[in-house]
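A quick note: this is a predicted structure, and the numbers were derived from the prediction, not measured. Starting from 1, each residue takes its place in the sequence as its number.
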Amino acid sequence: MTRILQISDSHIVPEGQKAYGVVDTAAALADTVATINRRLPEIGPVDLVVMTGDLTDFGTEAEYARFRAILSALEVPYRAIPGNHDCRETMRRAFADQDWMPETGPLNWRADLAGFSLLALDSTVAGEPFGLLSPETLDWVRHQLHDLDGHPVILACHHPPFEIGIRPMDVQNLRNADDLAEVLQSHRGPSRLICGHVHRLAMTVFAGIPAMTCPGTSHAVTLDLRADNPNSLTLEPGGFLLHAFSGGFVSGLIPVGAFDGGWPFETAPD
């Protein structure tokens, strides 16, 4: 069985600061790393951790350095794609020593694992909160899917191409979802689309394949489905997703933190 973990939206800020003045995102990311390392004997082996965007809050060199310092304790290899809070060129420089980081163009990459391939897509638009896949990225996805020829695939993208009902976030989703759907419909093998951006778990079917968003490592976008709700955050527990493949894809949520457990269902009689 091939397994990967998905983390998302860490929003790392400079040392001594809190995101939005209230969220200690660095501590939350460190707790996420500790949770993964602690759970590996139970859920492993894990081939890769993918970070689906918004590594940082402002896309600065100092923030990426802090992100990498925290992730250095992770006991699994990881890769990342940018989100709307990231800066493509600063992120490129920050990971220039990694062989998966493209030297030019969108930050797209492919990882071929034992059971499936992972295609990671750069959906960022400089200075904008919404997402857009460039013609170059769409052509790249089309070429990769043709090359994979029905092989199982997970596609990772920061911006979801579907609405989840939280109005301030839905207006920031992927603007050219129809273009992505047209490309995906050409692939005949098992597939799954995983996204970030909304800081909470949401699931649907997009272009005929299961699609989902991942919780953030620290805070959530407030679940307020009223038409006039403002954009806000809630200090809900962080979480991440486990995606596994053995003849088909199965995904599950793992909360961040340490919890009492391993209690047997059967208890001894008095």
**Q** Look at the side chain of W109 and the backbone N and O of A80, then say whether any donor-acceptor pair between them is shorter than 3.5 Å.
**A** yes
**Q** Quick one: closest heavy-atom pair of P190 and G150, and the distance?
**A** CD-O, 3.9 Å
**Q** Give a yes or no on whether the backbone of R3 and the side-chain of D47 come within a donor-acceptor separation of less than 3.5 Å.
**A**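 Confirmed, D47 side chain pairs with R3 backbone.
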**Q** Are P210 and M203 packed together at the side-chain level, in the sense that at least one heavy-atom pair is separated by less than 4.5 angstrom?
**A** no
**Q** Quick one: ring pair (Phe, Tyr, Trp, His ring centres under 6.0 Å) partners of F249, sequence neighbours excluded?
**A**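 By the ring pair (Phe, Tyr, Trp, His ring centres under 6.0 Å) rule, F249 matches F116, F245.
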**Q** Please report the shortest heavy-atom distance between L118 and A156, naming the atom on each side.
**A**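 Shortest heavy-atom contact: CD1-CB, 4.3 Å.
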**Q** With no hydrogens and no angle check, is any side-chain donor or acceptor of T213 less than 3.5 Å from a backbone partner on A202?
**A** yes
**Q** Membership question, hydrophobic clusters at under 4.5 Å side-chain separation (ILVMFWY): are M212 and V256 in the same one?
**A** yes
**Q** To the nearest 0.5 Å, how far apart are SG in C157 and CG in L180?
**A**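 That separation rounds to 7.0 Å.
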**Q** Under the rule for side chain to side chain contact (heavy atoms under 4.5 Å, CB included), what residues qualify as partners of A207, not counting sequence neighbours?
**A**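 Partners of A207 by the side chain to side chain contact (heavy atoms under 4.5 Å, CB included) criterion, ordered by chain and then number, come out as A181, L184, Q185.
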**Q** Listing request: all salt bridge (Lys or Arg N to Asp or Glu O under 4.0 Å) pairs with a residue in residues 159-184, at least two apart in sequence or in separate chains.
**A** R142-E182
**Q** Return yes if some donor-acceptor pair links the side-chain N/O of N108 with the main-chain N/O of D122 below 3.5 Å, else return no.
**A**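 At least one qualifying donor-acceptor pair exists.
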**Q** Verify the cluster assignment for L48 and W100: are they in a single hydrophobic cluster under the rule of side-chain heavy atoms below 4.5 Å apart?
**A** yes
**Q** Indicate if L113 and I7 have the same hydrophobic cluster label, given that clusters are the connected sets of ILVMFWY residues with side-chain heavy-atom separations under 4.5 angstrom.
**A**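 Linked, L113 and I7 end up in one cluster.
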**Q** Could you walk me through whether I43 and I254 pass side chain to side chain contact (heavy atoms under 4.5 Å, CB included), step by step?
**A** CA-CA 10 Å; I43 65 174; I254 300 176; 3.9 Å; yes
**Q** Write down the atom of V125, the atom of G131, and the distance for their closest heavy-atom approach.
**A** CG2-C, 4.3 Å
**Q** Just checking, any donor-acceptor pair under 3.5 angstrom between side chains of T35 and T32?
**A** no
**Q** Do V22 and L233 come close enough that some side-chain heavy atom pair is under 4.5 Å?
**A** yes
**Q** Measure across P161 and A177 and return the closest heavy-atom pair with its distance rounded to 0.1 Å.
**A** O-CB, 3.4 Å
**Q** Output side-chain donor-acceptor pairs under 3.5 Å for residues 59-77, partner residues at least two apart or in another chain, one line each.
**A**
from: T60; atom 1: OG1; to: E63; atom 2: N; distance (Å): 3.2
from: T60; atom 1: OG1; to: E63; atom 2: OE1; distance (Å): 3.2
from: E63; atom 1: OE1; to: F58; atom 2: N; distance (Å): 3.0
from: E63; atom 1: OE1; to: G59; atom 2: N; distance (Å): 2.9
from: E63; atom 1: OE1; to: T60; atom 2: N; distance (Å): 3.1
from: E63; atom 1: OE2; to: F58; atom 2: N; distance (Å): 3.4
from: Y64; atom 1: OH; to: D86; atom 2: OD1; distance (Å): 2.9
from: Y64; atom 1: OH; to: C87; atom 2: N; distance (Å): 3.1
from: R66; atom 1: NE; to: E15; atom 2: OE1; distance (Å): 3.4
from: R66; atom 1: NH1; to: V13; atom 2: O; distance (Å): 2.7
from: R66; atom 1: NH1; to: P14; atom 2: O; distance (Å): 3.1
from: R68; atom 1: NH1; to: A94; atom 2: O; distance (Å): 2.8
from: R68; atom 1: NH1; to: D97; atom 2: OD1; distance (Å): 2.8
from: R68; atom 1: NH2; to: D97; atom 2: OD2; distance (Å): 3.3
from: S72; atom 1: OG; to: A69; atom 2: O; distance (Å): 2.6

**Q** Is there a chain of hydrophobic side chains (I, L, V, M, F, W, Y, each step under 4.5 Å between heavy atoms) that links L193 to W140?
**A** yes
**Q** Enumerate the residue pairs fulfilling salt bridge (Lys or Arg N to Asp or Glu O under 4.0 Å) with a member in residues 216-225, sequence neighbours excluded, ordered by first and then second residue.
**A**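 Pairs touching residues 216-225 that pass the test: D224-R226.
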**Q** Apply side chain to side chain donor-acceptor pair (under 3.5 Å) to T204 and list each qualifying residue two or more places apart in sequence or on a separate chain.
**A**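 Residues passing side chain to side chain donor-acceptor pair (under 3.5 Å) with T204: none at all.
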**Q** Taking only residues two or more places apart in sequence or in another chain, which ones pass side chain to side chain donor-acceptor pair (under 3.5 Å) with S232?
**A** T222
**Q** What pair of heavy atoms forms the shortest contact from I81 to L121, and how long is it?
**A**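 The pair with the smallest heavy-atom distance is CD1-O, 3.6 Å.
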**Q** Nearest 0.5 Å please: distance from the CG atom of L29 over to the CG atom of D9.
**A** 11.5 Å
**Q** Test of understanding: with side chain to side chain donor-acceptor pair (under 3.5 Å), list the residues that count as partners of S251, not counting sequence neighbours.
**A**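 S251 satisfies side chain to side chain donor-acceptor pair (under 3.5 Å) with R192, H243 only.
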**Q** Nearest 0.5 Å please: distance from the CG atom of L201 over to the CG atom of L241.
**A** 6.0 Å
**Q** Which residue pairs satisfy the ring pair (Phe, Tyr, Trp, His ring centres under 6.0 Å) criterion with at least one member in residues 181-238, sequence neighbours excluded?
**A**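 Pairs touching residues 181-238 that pass the test: H11-H199, H11-H219, Y20-H219, H158-H197, H159-H197, H199-H219.
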**Q** With side chain to side chain contact (heavy atoms under 4.5 Å, CB included) as the test, would you mind laying out the steps for V50 and I4 before giving the verdict?
**A** CA-CA 7 Å; V50 57; I4 66 169; 4.2 Å; yes
**Q** Decide side chain to side chain contact (heavy atoms under 4.5 Å, CB included) for L155 and V141; before the verdict, give the C-alpha distance in whole Å, the side-chain angles of both, and the deciding distance to 0.1 Å.
**A** CA-CA 9 Å; L155 297 101; V141 178; 3.9 Å; yes
**Q** Within this structure, what is the CE-CZ distance for the pair M91 and R88, rounded to the nearest 0.5 Å?
**A** 10.0 Å
**Q** Before you tell me yes or no, could you show the steps for L174 and N176 under side chain to side chain contact (heavy atoms under 4.5 Å, CB included), namely the whole-Å CA-CA distance, both residues' side-chain angles and the distance that decides it to 0.1 Å?
**A** CA-CA 6 Å; L174 191 70; N176 55 343; 3.8 Å; yes
**Q** Among all residues two or more places apart in sequence or in another chain, which pass the side chain to side chain donor-acceptor pair (under 3.5 Å) test with E42?
**A** R39
**Q** Can any side-chain N or O of S10 pair as donor or acceptor with the backbone N or O of L55 at less than 3.5 Å?
**A** yes
**Q** Would you give the length of the straight line joining atom OG of S191 to atom CD1 of I209, rounded to the nearest 0.5 angstrom?
**A** 4.0 Å
**Q** By the salt bridge (Lys or Arg N to Asp or Glu O under 4.0 Å) test, which pairs, at least two apart or in different chains, include something from residues 228-257?
**A** R200-E236
**Q** Has the side chain of R79 got a donor or acceptor atom that lies under 3.5 Å from a matching backbone atom of M51?
**A**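 Between the backbone of M51 and the side chain of R79 there is no qualifying donor-acceptor contact (under 3.5 Å).
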**Q** Roughly how far, to the nearest 0.5 Å, is the CG atom of L145 from the OG atom of S186?
**A**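 Here the rounded value is 5.5 Å.
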**Q** State plainly whether one hydrophobic cluster holds both L253 and I154, where clusters connect Ile, Leu, Val, Met, Phe, Trp and Tyr through side-chain heavy atoms under 4.5 angstrom apart.
**A** yes
**Q** Which residue pairs pass the salt bridge (Lys or Arg N to Asp or Glu O under 4.0 Å) test with at least one member in residues 104-115, sequence neighbours excluded?
**A**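 Every pair satisfying salt bridge (Lys or Arg N to Asp or Glu O under 4.0 Å) with a residue in residues 104-115: R110-D112, R110-D147.
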**Q** State, to 0.1 Å, how close I36 and L5 come at their nearest heavy-atom pair, and which atoms those are.
**A** CG2-CD1, 3.6 Å
